[in-house]
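What follows is a set of notes on a single structure, which appears directly below.
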Amino acid sequence: MLLPEGVVIDGTTGAVSPSTDRYEKRLSDLRGFFRDDAALDRAIAEGGDPIAYEVIDYRHQASDLAFGTTIMMPGKVGDEFNMTRGHYHLRTECGEAYYTQSGEGLLLLESRDGEVRTVEMKPGVCAFIPPDWAHRSINTGKDKLVFVWFCATDAGHDYGSIKDRGMRKLVVERDGKPALVDNPNYA
Ligand code: F6R
Ligand code: ZN
């Protein structure tokens, strides 16, 4: 039987205690997601293939609700800010919430019929991700971006659509500021 418990989440480091799982993605794991492959190669060579982000889970298969943290490093690949792969949920009726704890970023969302929205990520903002919207988080700041996510345990991830086609918009640095621009490679 699952028992109630208080899970301690550190909003600065993203540590979750207790947690059930974790994984990390290095820049080399994100090949195919950034626009500029040569810039990715340079960033990998210069940084020693640094960790781009880490995900820590509190998840029990016997419960419908899971949560955890995503900890995103600052940085850029070319002029594109560090980002997650981005996905739709396999169970298309499942939404999600992202509650930012520290840092600053943008949540980029895209509906199946091509509507694009962003939600600012900063402490105090809990972003609502409606069902069947692709979502990718982007660290546009100088520090770690840490957020807590809540979603259905079995929502699942569809990465293929985003990897194959890309998202319609990119978040790049222009004049020292984040800007949303058309993705020239969008298929
Ligand atoms: C789960 C969710 C987050 C992301 C995490 C990494 O549904 O949206 O936990 O999985 O922020 O992003 P991806 O999975 O897109 O690499
Ligand atoms: Zn999700």
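Indexing begins at 1, ligand by ligand and atom by atom, following the structure's order.
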* Among all protein heavy atoms, pick the one closest to atom 10 (O) of ligand 1 and tell me residue, atom and distance. => H87 CE1, 3.5 Å
* Asked: Which class fits the ring pair H60 and Y58: parallel under 30°, tilted 30 to 60°, perpendicular over 60°?
  -> perpendicular
* To do: Determine the sole option in K169, M167, R165 for which the side chain to side chain contact (heavy atoms under 4.5 Å, CB included) test with Y186 is passed.
  => R165
* Main-chain N/O of A15 paired to T13 side chain as donor or acceptor, under 3.5 Å -> yes
* Asked: Starting from atom 16 (O) of ligand 1, which protein heavy atom do you reach first, and at what distance in Å?
  -> Y53 OH, 2.5 Å
* **For Y159, the ligand 1 atoms whose distance to one of its heavy atoms is below 4.0 Å** => 13 (P), 14 (O), 15 (O), 16 (O)
* Structure fact -> min-distance protein heavy atom vs atom 5 (C) of ligand 1 -> T70 OG1, 3.4 Å
* Side chains of H87 and H135: do they bring a donor and an acceptor to under 3.5 Å? -> yes
* What residue and atom, counting heavy atoms only, is the protein's closest point to atom 12 (O) of ligand 1, and at what distance? -> T84 CB, 3.4 Å
* To do: Would you kindly specify which portion of Y23 sits under 4.0 Å from ligand 1, judged on non-hydrogen atoms: side chain, backbone, both or neither?
  => side chain
* Would you find more than 12 non-hydrogen atoms of other residues, nucleotides or ligands less than 6.0 Å from D113 atom CG? -> yes
* State the atoms of ligand 1, each with its element, that fall below the 4.0 Å cut-off from a heavy-atom position in G86. => 15 (O)
* Answer with side chain, backbone, both or neither: which part of K25 has a heavy atom less than 4.0 angstrom from an atom of ligand 1? => neither
* Asked: For ligand 1, does F147 get within less than 4.0 Å through its side chain, its backbone, both, or neither, judged by non-hydrogen atoms?
  -> side chain
* Asked: In terms of atom number and element, which parts of ligand 1 are under 4.0 angstrom from non-hydrogen atoms of H135?
  -> 8 (O)
* To do: Flag Y98 as yes when one of its N or O atoms lies below 3.5 Å from any N or O atom of ligand 1, and as no otherwise.
  => yes
* pair I9-I56: side-chain heavy atoms closer than 4.5 Å -> no
* Asked: What residue among R85, E24, K144, K25 forms side chain to side chain donor-acceptor pair (under 3.5 Å) with Y53?
  -> R85
* Asked: With hydrophobic residues grouped by side-chain heavy-atom distances under 4.5 Å, do M83 and W133 end up in a single group?
  -> yes
* Distance under 6.0 Å and angle within 45° of ring axis: R112 vs Y88 -> yes
* Asked: Taking D29 for the side chain and R26 for the main chain, is one N or O donor matched with an acceptor at less than 3.5 Å?
  -> yes
* **Donor-acceptor pair, side chain of N139 and main chain of D143, under 3.5 angstrom** => yes
* To do: State, without any angle test, whether S28 and D49 hold a side-chain donor-acceptor pair at a distance under 3.5 Å.
  => yes
* Short list, please: which atoms of ligand 1 are under 4.0 Å from a heavy atom of W149? -> 9 (O)
* Residue portion contacting ligand 1 (non-hydrogen atoms closer than 4.0 Å) for H89 -> side chain
* **Heavy-atom side-chain contact between I162 and R136 under 4.5 Å** => yes
* To do: Determine, using heavy atoms of A155 and all atoms of ligand 1, whether some pair is separated by less than 4.0 Å.
  => no
* Protein contact to atom 2 (C) of ligand 1 [nearest heavy atom, distance to 0.1 Å] -> E96 OE2, 2.9 Å
* To do: Provide the protein N, O or S atoms situated under 2.8 Å from the Zn ion (ligand 2); waters are not included.
  => H87 NE2, H89 NE2, E96 OE1, H135 NE2
